[in-house]
Amino acid sequence: MTTENVIVADAQVIAPPAPTKSKRLVYRHSLPIRLMHWINVISLSLMFFSGLQIFNAHPSLAWGNYNNPDKPLLSLEAREDASGNLVGITRIGKHEFNTTGVLGVSKGPDGTPTARGFPSWLTVPGPGWLSMGRQWHFFFAWIFVLNGLCYIGYSLARKHVQRDLWPTKADWRGIGKSIADHVRFRHPHGEEALRYNILQRLAYLIVIFVFGIGIVLMGLAMSPRMDAVLSPMVEFVGGRQAARTIHFIIAWAFVAFVLIHVFEVLISGAFNQLRGMITGYYKVDVDPVKVAGPEPVVVIKETPHD
(Lines give C-alpha, C1' and ligand atoms only; values in the text may rest on other atoms or scores of the structure.)
Protein backbone atom coordinates (compact mmCIF):
# COMPACT_ATOMS: atom_id res chain seq x y z
CA MET A 1 0.00 0.00 0.00
CA THR A 2 1.41 3.32 -1.06
CA THR A 3 0.85 6.72 0.38
CA GLU A 4 0.32 9.53 -2.06
CA ASN A 5 1.12 13.03 -0.92
CA VAL A 6 -1.33 15.54 -2.37
CA ILE A 7 -0.30 19.20 -2.37
CA VAL A 8 -3.20 21.68 -2.07
CA ALA A 9 -2.52 25.33 -2.79
CA ASP A 10 -4.22 27.94 -0.56
CA ALA A 11 -3.96 31.20 -2.43
CA GLN A 12 -3.78 34.54 -0.55
CA VAL A 13 -3.75 37.79 -2.54
CA ILE A 14 -1.70 40.68 -1.16
CA ALA A 15 -2.91 43.92 -2.78
CA PRO A 16 -0.69 46.98 -3.19
CA PRO A 17 -1.20 49.89 -0.77
CA ALA A 18 -4.43 51.82 -1.36
CA PRO A 19 -4.25 55.41 -2.66
CA THR A 20 -3.71 57.81 0.20
CA LYS A 21 -5.76 60.91 0.87
CA SER A 22 -4.19 64.10 2.15
CA LYS A 23 -5.08 67.75 2.67
CA ARG A 24 -3.22 71.01 2.31
CA LEU A 25 -3.77 74.53 3.61
CA VAL A 26 -4.26 77.26 1.05
CA TYR A 27 -4.07 80.98 1.79
CA ARG A 28 -7.45 81.87 0.35
CA HIS A 29 -8.57 85.22 1.82
CA SER A 30 -6.25 88.19 2.23
CA LEU A 31 -6.24 90.25 5.43
CA PRO A 32 -8.07 93.29 3.94
CA ILE A 33 -10.86 91.05 2.60
CA ARG A 34 -11.25 89.35 5.97
CA LEU A 35 -11.36 92.64 7.88
CA MET A 36 -13.94 94.13 5.52
CA HIS A 37 -16.05 90.96 5.70
CA TRP A 38 -16.31 91.09 9.51
CA ILE A 39 -16.91 94.86 9.52
CA ASN A 40 -19.81 94.19 7.17
CA VAL A 41 -21.17 91.46 9.46
CA ILE A 42 -21.22 93.84 12.43
CA SER A 43 -22.48 96.93 10.62
CA LEU A 44 -25.23 95.11 8.68
CA SER A 45 -26.48 93.34 11.81
CA LEU A 46 -26.75 96.54 13.85
CA MET A 47 -28.22 98.46 10.92
CA PHE A 48 -30.92 95.82 10.56
CA PHE A 49 -31.89 95.66 14.24
CA SER A 50 -31.82 99.45 14.69
CA GLY A 51 -33.77 99.78 11.43
CA LEU A 52 -36.54 97.62 12.88
CA GLN A 53 -36.69 99.94 15.86
CA ILE A 54 -37.09 102.92 13.52
CA PHE A 55 -39.76 101.03 11.59
CA ASN A 56 -41.69 100.42 14.81
CA ALA A 57 -42.31 104.15 15.10
CA HIS A 58 -44.49 103.84 11.99
CA PRO A 59 -44.99 100.13 11.20
CA SER A 60 -46.59 100.58 7.80
CA LEU A 61 -45.43 100.58 4.18
CA ALA A 62 -46.98 102.34 1.21
CA TRP A 63 -46.22 103.40 -2.35
CA GLY A 64 -45.96 107.01 -3.48
CA ASN A 65 -45.12 110.19 -1.57
CA TYR A 66 -47.68 109.72 1.19
CA ASN A 67 -48.85 106.83 3.34
CA ASN A 68 -52.60 106.31 3.18
CA PRO A 69 -53.44 104.46 6.43
CA ASP A 70 -56.50 102.92 4.77
CA LYS A 71 -54.53 101.38 1.90
CA PRO A 72 -51.14 100.19 3.15
CA LEU A 73 -49.05 97.63 1.33
CA LEU A 74 -48.04 96.24 4.71
CA SER A 75 -48.92 97.23 8.25
CA LEU A 76 -48.39 95.79 11.72
CA GLU A 77 -51.30 96.85 13.89
CA ALA A 78 -52.67 96.36 17.40
CA ARG A 79 -56.41 96.13 18.05
CA GLU A 80 -58.61 95.26 20.99
CA ASP A 81 -60.91 92.25 20.85
CA ALA A 82 -64.36 92.02 22.48
CA SER A 83 -62.73 91.29 25.85
CA GLY A 84 -60.43 94.29 25.66
CA ASN A 85 -57.30 92.23 25.00
CA LEU A 86 -54.69 93.46 22.55
CA VAL A 87 -54.51 91.50 19.30
CA GLY A 88 -51.66 91.80 16.79
CA ILE A 89 -52.78 92.07 13.15
CA THR A 90 -50.51 91.94 10.11
CA ARG A 91 -52.09 93.42 6.99
CA ILE A 92 -50.69 92.60 3.56
CA GLY A 93 -52.79 94.44 1.01
CA LYS A 94 -56.39 93.40 1.70
CA HIS A 95 -55.46 90.30 3.67
CA GLU A 96 -55.21 90.22 7.47
CA PHE A 97 -53.46 87.71 9.73
CA ASN A 98 -53.50 87.31 13.50
CA THR A 99 -49.84 87.55 14.57
CA THR A 100 -50.30 88.24 18.27
CA GLY A 101 -47.14 87.63 20.25
CA VAL A 102 -44.82 88.22 17.31
CA LEU A 103 -45.95 91.10 15.09
CA GLY A 104 -48.25 93.96 16.07
CA VAL A 105 -48.50 92.91 19.71
CA SER A 106 -45.73 91.26 21.73
CA LYS A 107 -44.60 91.09 25.33
CA GLY A 108 -42.65 94.01 26.70
CA PRO A 109 -39.71 93.81 29.14
CA ASP A 110 -42.17 93.33 32.03
CA GLY A 111 -44.07 90.56 30.22
CA THR A 112 -47.13 92.71 29.47
CA PRO A 113 -48.57 92.55 25.92
CA THR A 114 -47.64 95.81 24.21
CA ALA A 115 -48.52 97.35 20.85
CA ARG A 116 -45.29 97.10 18.87
CA GLY A 117 -44.55 96.32 15.24
CA PHE A 118 -41.58 94.00 15.74
CA PRO A 119 -40.84 92.44 19.16
CA SER A 120 -38.39 94.25 21.44
CA TRP A 121 -35.83 91.42 21.27
CA LEU A 122 -35.32 92.24 17.59
CA THR A 123 -34.70 95.95 18.09
CA VAL A 124 -31.55 97.87 19.01
CA PRO A 125 -30.66 99.66 21.27
CA GLY A 126 -33.94 99.19 23.18
CA PRO A 127 -37.72 99.20 22.84
CA GLY A 128 -39.35 102.53 22.04
CA TRP A 129 -36.12 104.54 21.86
CA LEU A 130 -36.51 106.06 18.39
CA SER A 131 -33.90 108.82 18.60
CA MET A 132 -31.14 106.49 19.77
CA GLY A 133 -32.19 103.89 17.21
CA ARG A 134 -31.74 106.48 14.46
CA GLN A 135 -28.29 107.40 15.76
CA TRP A 136 -27.19 103.77 15.81
CA HIS A 137 -28.63 103.20 12.35
CA PHE A 138 -26.95 106.19 10.71
CA PHE A 139 -23.62 105.59 12.47
CA PHE A 140 -23.32 102.02 11.24
CA ALA A 141 -24.78 102.99 7.85
CA TRP A 142 -21.79 105.28 7.25
CA ILE A 143 -19.42 102.52 8.36
CA PHE A 144 -21.17 100.22 5.87
CA VAL A 145 -20.81 102.80 3.07
CA LEU A 146 -17.13 103.51 3.74
CA ASN A 147 -16.34 99.82 4.13
CA GLY A 148 -18.21 99.06 0.89
CA LEU A 149 -16.26 101.70 -1.03
CA CYS A 150 -13.00 100.28 0.32
CA TYR A 151 -14.07 96.76 -0.68
CA ILE A 152 -15.03 97.76 -4.23
CA GLY A 153 -11.84 99.81 -4.69
CA TYR A 154 -9.61 97.05 -3.31
CA SER A 155 -11.38 94.31 -5.29
CA LEU A 156 -11.11 96.21 -8.56
CA ALA A 157 -7.47 97.10 -7.94
CA ARG A 158 -6.55 93.50 -7.10
CA LYS A 159 -8.81 92.20 -9.92
CA HIS A 160 -10.83 90.20 -7.39
CA VAL A 161 -14.10 91.15 -9.10
CA GLN A 162 -12.84 90.39 -12.60
CA ARG A 163 -11.05 87.17 -11.65
CA ASP A 164 -13.23 85.64 -8.93
CA LEU A 165 -16.72 87.14 -9.26
CA TRP A 166 -17.40 87.94 -12.90
CA PRO A 167 -18.92 84.86 -14.61
CA THR A 168 -17.07 83.35 -17.54
CA LYS A 169 -18.60 81.61 -20.57
CA ALA A 170 -17.76 78.27 -18.99
CA ASP A 171 -19.64 79.34 -15.86
CA TRP A 172 -22.77 80.17 -17.85
CA ARG A 173 -22.59 76.84 -19.68
CA GLY A 174 -22.43 75.01 -16.35
CA ILE A 175 -25.27 76.86 -14.61
CA GLY A 176 -27.65 73.88 -14.94
CA LYS A 177 -25.17 71.53 -13.27
CA SER A 178 -24.49 74.09 -10.54
CA ILE A 179 -28.19 74.39 -9.75
CA ALA A 180 -28.57 70.60 -9.64
CA ASP A 181 -25.53 70.28 -7.34
CA HIS A 182 -26.94 72.87 -4.93
CA VAL A 183 -30.34 71.20 -4.86
CA ARG A 184 -28.66 67.88 -3.99
CA PHE A 185 -26.31 69.57 -1.46
CA ARG A 186 -23.28 68.51 -3.46
CA HIS A 187 -20.27 70.70 -2.84
CA PRO A 188 -16.96 70.79 -4.71
CA HIS A 189 -13.80 69.33 -3.21
CA GLY A 190 -10.11 69.78 -3.84
CA GLU A 191 -8.91 72.60 -6.06
CA GLU A 192 -12.44 73.10 -7.36
CA ALA A 193 -13.55 74.27 -3.90
CA LEU A 194 -11.24 77.28 -4.19
CA ARG A 195 -13.24 78.69 -7.09
CA TYR A 196 -16.70 80.28 -6.82
CA ASN A 197 -19.36 78.59 -8.93
CA ILE A 198 -21.78 80.52 -11.13
CA LEU A 199 -24.51 80.78 -8.46
CA GLN A 200 -22.04 82.12 -5.89
CA ARG A 201 -20.69 84.66 -8.36
CA LEU A 202 -24.14 85.91 -9.30
CA ALA A 203 -25.24 86.06 -5.65
CA TYR A 204 -22.20 88.10 -4.59
CA LEU A 205 -22.52 90.48 -7.55
CA ILE A 206 -26.22 91.08 -6.79
CA VAL A 207 -25.55 91.59 -3.08
CA ILE A 208 -22.71 94.05 -3.71
CA PHE A 209 -23.93 96.06 -6.68
CA VAL A 210 -27.74 95.77 -6.38
CA PHE A 211 -28.57 95.27 -2.70
CA GLY A 212 -25.64 97.24 -1.32
CA ILE A 213 -25.91 100.27 -3.59
CA GLY A 214 -29.72 100.10 -3.69
CA ILE A 215 -30.24 100.12 0.07
CA VAL A 216 -27.90 103.11 0.49
CA LEU A 217 -29.60 105.13 -2.26
CA MET A 218 -33.09 104.35 -0.94
CA GLY A 219 -31.96 105.29 2.55
CA LEU A 220 -30.78 108.67 1.26
CA ALA A 221 -33.99 109.12 -0.75
CA MET A 222 -36.01 108.78 2.45
CA SER A 223 -34.20 111.71 4.06
CA PRO A 224 -36.01 115.10 3.77
CA ARG A 225 -32.64 116.83 3.60
CA MET A 226 -31.74 114.98 0.39
CA ASP A 227 -34.89 115.91 -1.56
CA ALA A 228 -33.21 118.77 -3.40
CA VAL A 229 -30.22 116.65 -4.41
CA LEU A 230 -31.93 113.35 -5.15
CA SER A 231 -35.39 114.55 -6.20
CA PRO A 232 -35.12 113.01 -9.72
CA MET A 233 -34.28 109.62 -8.21
CA VAL A 234 -37.07 109.92 -5.62
CA GLU A 235 -39.56 110.65 -8.38
CA PHE A 236 -38.15 107.81 -10.49
CA VAL A 237 -38.77 105.18 -7.79
CA GLY A 238 -42.27 106.53 -7.08
CA GLY A 239 -41.85 108.84 -4.07
CA ARG A 240 -40.41 108.85 -0.56
CA GLN A 241 -42.78 106.18 0.73
CA ALA A 242 -41.90 104.00 -2.24
CA ALA A 243 -38.21 104.48 -1.41
CA ARG A 244 -38.94 103.44 2.19
CA THR A 245 -40.71 100.30 0.95
CA ILE A 246 -37.82 99.38 -1.37
CA HIS A 247 -35.37 100.01 1.48
CA PHE A 248 -37.38 97.63 3.69
CA ILE A 249 -37.56 94.93 0.98
CA ILE A 250 -33.81 95.06 0.30
CA ALA A 251 -33.09 94.82 4.05
CA TRP A 252 -35.02 91.55 4.23
CA ALA A 253 -33.36 90.37 1.01
CA PHE A 254 -30.05 90.81 2.84
CA VAL A 255 -31.45 88.66 5.67
CA ALA A 256 -32.45 85.93 3.18
CA PHE A 257 -28.96 86.00 1.63
CA VAL A 258 -27.29 85.76 5.05
CA LEU A 259 -29.46 82.81 6.10
CA ILE A 260 -28.67 80.93 2.88
CA HIS A 261 -25.00 81.85 3.20
CA VAL A 262 -24.80 80.57 6.79
CA PHE A 263 -26.65 77.38 5.84
CA GLU A 264 -24.15 76.70 3.04
CA VAL A 265 -21.26 77.33 5.43
CA LEU A 266 -22.67 74.83 7.92
CA ILE A 267 -23.24 72.02 5.44
CA SER A 268 -19.98 72.50 3.53
CA GLY A 269 -17.68 72.44 6.57
CA ALA A 270 -18.29 75.19 9.10
CA PHE A 271 -14.90 74.92 10.84
CA ASN A 272 -12.96 75.03 7.60
CA GLN A 273 -15.02 77.94 6.24
CA LEU A 274 -14.67 79.97 9.45
CA ARG A 275 -10.95 79.28 9.64
CA GLY A 276 -10.62 80.58 6.10
CA MET A 277 -12.39 83.84 6.95
CA ILE A 278 -10.57 84.30 10.29
CA THR A 279 -7.00 83.20 9.51
CA GLY A 280 -7.13 83.26 5.71
CA TYR A 281 -6.16 79.59 5.44
CA TYR A 282 -8.55 77.08 3.91
CA LYS A 283 -7.96 73.34 3.86
CA VAL A 284 -8.59 71.47 0.61
CA ASP A 285 -8.43 67.81 -0.31
CA VAL A 286 -5.48 66.72 -2.41
CA ASP A 287 -6.32 64.21 -5.12
CA PRO A 288 -5.40 60.65 -4.00
CA VAL A 289 -1.93 59.63 -5.10
CA LYS A 290 -1.13 56.02 -5.83
CA VAL A 291 1.75 54.87 -3.65
CA ALA A 292 4.46 53.02 -5.55
CA GLY A 293 4.54 49.33 -4.75
CA PRO A 294 4.60 45.86 -6.28
CA GLU A 295 1.87 44.39 -8.36
CA PRO A 296 -0.62 42.10 -6.58
CA VAL A 297 1.24 39.00 -5.36
CA VAL A 298 -0.21 35.51 -4.95
CA VAL A 299 1.36 33.63 -2.07
CA ILE A 300 1.05 29.83 -2.27
CA LYS A 301 0.90 27.89 0.98
CA GLU A 302 1.50 24.16 0.54
CA THR A 303 -0.35 21.85 2.91
CA PRO A 304 0.41 18.09 2.85
CA HIS A 305 -2.48 15.65 3.16
CA ASP A 306 -2.36 11.90 3.54
Side-chain angles (χ1 to χ4, degrees), residues 18-41 44 144 147-217 249-291:
T20 60
K21 293 182 179 180
S22 59
K23 295 179 181 290
R24 68 185 180 95
L25 284 175
V26 179
Y27 191 68
R28 188 181 189 186
H29 302 294
S30 64
L31 179 60
I33 290 293
R34 301 197 313 270
L35 286 175
M36 288 183 282
H37 171 271
W38 292 113
I39 290 173
N40 254 1
V41 170
L44 271 173
F144 175 75
N147 189 60
L149 291 175
C150 290
Y151 174 83
I152 293 175
Y154 178 84
S155 298
L156 290 174
R158 297 295 298 269
K159 299 188 182 300
H160 172 60
V161 173
Q162 304 93 310
R163 181 184 63 251
D164 300 322
L165 299 183
W166 198 258
T168 64
K169 291 182 179 179
D171 290 325
W172 286 112
R173 288 194 295 268
I175 191 170
K177 180 180 181 299
S178 185
I179 293 173
D181 287 342
H182 275 76
V183 170
R184 298 172 183 174
F185 301 129
R186 292 179 178 174
H187 297 88
H189 298 280
E191 297 296 326
E192 189 181 355
L194 299 176
R195 185 177 182 276
Y196 294 137
N197 59 56
I198 178 67
L199 297 184
Q200 290 174 307
R201 291 174 181 238
L202 292 177
Y204 290 138
L205 288 174
I206 291 172
V207 166
I208 296 168
F209 295 104
V210 179
F211 292 176
I213 294 176
I215 202 167
V216 171
L217 291 178
I249 292 172
I250 295 177
W252 282 99
F254 264 116
V255 172
F257 167 78
V258 169
L259 292 177
I260 295 172
H261 180 66
V262 171
F263 176 75
E264 290 291 332
V265 167
L266 292 176
I267 66 175
S268 62
F271 178 79
N272 197 27
Q273 297 285 359
L274 285 174
R275 175 177 50 201
M277 196 48 71
I278 293 174
T279 68
Y281 287 95
Y282 183 82
K283 185 175 288 187
V284 297
D285 297 325
V286 177
D287 292 335
V289 178
K290 185 177 181 180
V291 179

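Looking at every heavy atom in both residues, His261 comes nearest to Tyr204 through CE1-OH, 3.6 Å. When all heavy atoms of Pro188 and Ala193 are compared, the pair lying nearest together is O-CB, 3.6 Å.
With 3.5 Å as the limit, one finds a donor-acceptor pair spanning the side chains of His187 and Glu264. For Asp181 and Ser178, the side-chain atoms include no donor-acceptor pair closer than 3.5 Å.
No option in Phe254, Trp252, Phe144 other than Phe254 meets the ring pair (Phe, Tyr, Trp, His ring centres under 6.0 Å) test with Phe211.
Within a 6.0 Å sphere centred on CZ of Arg163, other residues, nucleotides and ligands contribute more than 12 heavy atoms. The 12-atom threshold is exceeded at OH of Tyr27, counting heavy atoms of other residues, nucleotides or ligands nearer than 6.0 Å. Annotation: Tyr281, atom OH; neighbour count of heavy atoms from other residues, nucleotides and ligands within 6.0 Å does not exceed 12.
A heavy-atom distance below 4.5 Å is not found between the side chains of Gln200 and Arg195. Contact of the Leu156 side chain with the Gln162 side chain is registered, since non-hydrogen atoms from C-beta on lie closer than 4.5 Å. Side-chain contact between Asn197 and His182 is present, with at least one heavy-atom pair separated by less than 4.5 Å. In this structure, the side chains of Tyr282 and His29 stay at 4.5 Å or more apart for every pair of heavy atoms.
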Inset, instruction - Output, in order, the C-alpha distance, side-chain angles, deciding distance and verdict of side chain to side chain contact (heavy atoms under 4.5 Å, CB included) for His37 and Tyr151. - result: CA-CA 9 Å; His37 171 271; Tyr151 174 83; over 6 Å; no
Inset, instruction - Test side chain to side chain contact (heavy atoms under 4.5 Å, CB included) on Ile175 and Trp172 and set out the steps. - result: CA-CA 5 Å; Ile175 191 170; Trp172 286 112; 4.3 Å; yes
Inset, instruction - Begin with the C-alpha distance, continue with both residues' side-chain angles, and end with the deciding distance and a verdict on side chain to side chain contact (heavy atoms under 4.5 Å, CB included) for Asp171 and Trp166. - result: CA-CA 9 Å; Asp171 290 325; Trp166 198 258; over 6 Å; no
Legend entry - Chi angles and distances behind the side chain to side chain contact (heavy atoms under 4.5 Å, CB included) call for Val258, Leu44: CA-CA 10 Å; Val258 169; Leu44 271 173; 5.7 Å; no
Inset, instruction - Kindly indicate, with the supporting measurements, whether the criterion salt bridge (Lys or Arg N to Asp or Glu O under 4.0 Å) is fulfilled by Asp164 and Arg28. - result: CA-CA 12 Å; Asp164 300 322; Arg28 188 181 189 186; over 6 Å; no
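A distance of 6.0 Å separates OG in Ser30 from CZ in Arg158, rounded to the nearest 0.5 Å.
Proximity of a side-chain donor or acceptor of Asn147 to a complementary backbone N or O of Met36 within less than 3.5 Å is detected. Judged by distance alone, with hydrogens and angles left aside, the side-chain atoms of Gln273 form no donor-acceptor pair with the main-chain N or O of Ala270 at under 3.5 Å.
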